[in-house]
Structure formats: C-alpha cells, structure tokens
Amino acid sequence: MNAFETVQTVLAVRAFQDKPVPTEVKNRILEAARLTGSGSNHQPWHFILIENRAELQQLGAVARTGPYTAQAAFAVVVIIERSPIALSDGSRAIQSMLLTAWADGVGSNWVGFVPMPEVSKLLDIPDTLDVLAILPFGYPTKDIGQGKKNRKAPEEVFHIGKFGNPYAPK
Ligand SMILES: Cc1cc2nc3c(=O)[nH]c(=O)nc-3n(C[C@H](O)[C@H](O)[C@H](O)COP(=O)(O)O)c2cc1C
C-alpha cells in the first residue's frame, strides 16, 4: 500500500483476533511515532507500550469508550505536555502509528481524549503531563477496510478560490 492507499482504506478497528503482532511490526509502529515531526521539533510526547494481558485488561477497564482495549494484542498510550501545539503534535504521531500499523494489516483506533485521569493514575504518569489517547492494536476480526467510508461529499468540504465555491474533483 502506498501512503494514499492506507488513508483510503483504514477504518476504526474495535475487535481483534487473539493473535500476536510480530515484535518487528510493533517496534515499527512505535518508531513511526518517534519519527513524526512536531512544532519546533519539540517532541512533547511519551509513548507507553502495554502488552501484558492483565495490564491490557486494567487499561480496558478504565477506558470507558474503549473497553475492547482489553482484547488488543498490545496498546500504546500517548502522553503529551499540556499545550495546544502538543495536542496537534500528539495527534500527528497517532496518525503515523495508525497508518504504519494498517500498512502491515494491523488495525487500531483512537480511544479517549485528553485528559484521562484514571489512565494517568493507573500508569504513574507525572502530574505535568496528560494522556491524549489509547491506541489498541491487533489483527482485525472482520475483513474491513475495503475503502468504503462514510464521509461527507467532496463538495461539502472542498472549496475553490473562496469559501462557499464548492469544488468536486473529477
Ligand atoms: C479525536 C478522536 C477521538 C476518538 N475517540 C474514540 C473513542 O473514545 N472510542 C472509540 O471507539 N472511537 C473513537 N474514535 C474513533 C472514531 O469514532 C472514528 O474515527 C470515526 O467513527 C470514523 O470511523 P471510520 O474511520 O471507521 O469510518 C475517535 C476518533 C478521534 C479522531
């Protein structure tokens, strides 16, 4: 898959096979986060890898909008400094991880939003930092990602020249 194909086909994955993800793939996903560009190259982030089943279950129990984290092969908790630009930087690192994983057939999804105090407490995260998201990773149980997306039409979101002149690429 080239870069556009990953964007075109990736979908939120919320159910995972009970199958390990090779270490090489897992490390590549983490590396994608670390290599992401950030504002002023400040890199205001940390990434916690969770791969022990009991710890994944504890994480799933505090992730109100992502209990399926408990079934993931592993998860990455994304932690950021407390600033608007760090929010953008962390979000960009998340997209790097999601697309890198998908290119290897590994599904994931963004769970939660800043702050997540229960997760901070569970993982001993310092008070000066926030949890931005949990990303559970694993092989999807269903054959999803065939490029079928429920998205707004091009002319609803694309404009040409000025706001209000719809643009629909042919
Ligand atoms: C900032 C953000 C927060 C999200 N939070 C959650 C969440 O807490 N739980 C969840 O299951 N999905 C969450 N999602 C996933 C969205 O529901 C998903 O991206 C959207 O429905 C589109 O899904 P699709 O790409 O499969 O069409 C979040 C996505 C984003 C970008």
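Numbering of residues begins at 1 and proceeds along the displayed sequence.
- For the side chain to side chain donor-acceptor pair (under 3.5 Å) test, residues two or more places apart in sequence or in another chain that qualify with Glu31 are Arg34.
- Heavy-atom contacts from other residues, nucleotides or ligands closer than 6.0 Å to CG of Asn165 number more than 12.
- Cluster note: Ile29 groups with Val21, Val25, Leu30, Trp45, Phe47, Leu49, Phe74, Val76, Val78, Ile80, Leu87, Ile94, Met97, Leu98, Val106, Trp110, Phe113, Val114, Leu132, Leu135, Phe137, Tyr139 through ILVMFWY side-chain heavy atoms spaced under 4.5 Å, whether in direct contact or through intervening members.
- Gln57 and Ala70 make their closest contact through CA-CB, 3.9 Å (heavy atoms, listed as atom of the first residue, atom of the second, distance).
- Legend: residues meeting side chain to side chain donor-acceptor pair (under 3.5 Å) with Thr36, ordered by chain and number and at least two apart, are Ser96.
- Closest approach of Leu56 and Ala73 over heavy atoms only: CD1-O, 3.9 Å.
- In this structure, CG in Leu123 is found 10.0 Å from CE in Met116, a value given to the nearest 0.5 Å.
- Shortest non-hydrogen contact noted between Gln43 and Ser38 is N-OG, 2.9 Å.
- In this structure, NE2 in His42 is found 9.5 Å from CD1 in Ile85, a value given to the nearest 0.5 Å.
- Taking CG of Asp127 as the reference point, atom OG of Ser120 lies at 8.5 Å (rounded to 0.5 Å).
- Remark: side-chain polar atoms of Lys149 are paired, donor with acceptor, to backbone N or O of Val10 under 3.5 angstrom.
- Scanning both residues, Thr6 and Ala103, for their nearest heavy atoms gives CG2-CB, 4.0 Å.
- Side-chain contact between Asn109 and Tyr68 is present, with at least one heavy-atom pair separated by less than 4.5 Å.
- When all heavy atoms are compared, the tightest approach of Leu129 to Arg82 is O-NH2, 3.1 Å.
- Formation of a donor-acceptor pair under 3.5 Å by the Gln71 side chain with backbone atoms of Phe16 is not found in this model.
- Under the 4.5 Å side-chain heavy-atom criterion for Ile, Leu, Val, Met, Phe, Trp and Tyr, Phe4 and Leu99 are members of distinct hydrophobic clusters.
- With His159 contributing its side chain and Gly164 its backbone, the two residues share a donor-acceptor pair below 3.5 Å.
- For the pair Glu5 (side chain) and Asn2 (backbone), a donor-acceptor distance under 3.5 Å is present.
- Arg28 places no side-chain N or O within 3.5 Å of a backbone atom of Thr100 that could act as its donor or acceptor partner.
- The distance from atom CD1 of Ile134 to atom OG1 of Thr69, rounded to the nearest 0.5 Å, is 5.0 Å.
- Here the shortest heavy-atom pairing between Gly107 and Val13 reads CA-CG2, 3.7 Å.
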- Message: What verdict does the side-chain contact (heavy atoms from CB on, under 4.5 Å) test give for Lys26 and Glu51, after you've listed the backbone C-alpha separation in whole Å, the side-chain angles of each residue and the deciding distance to 0.1 Å?
- Response: CA-CA 10 Å; Lys26 185 164 55 190; Glu51 50 184 1; 2.5 Å; yes
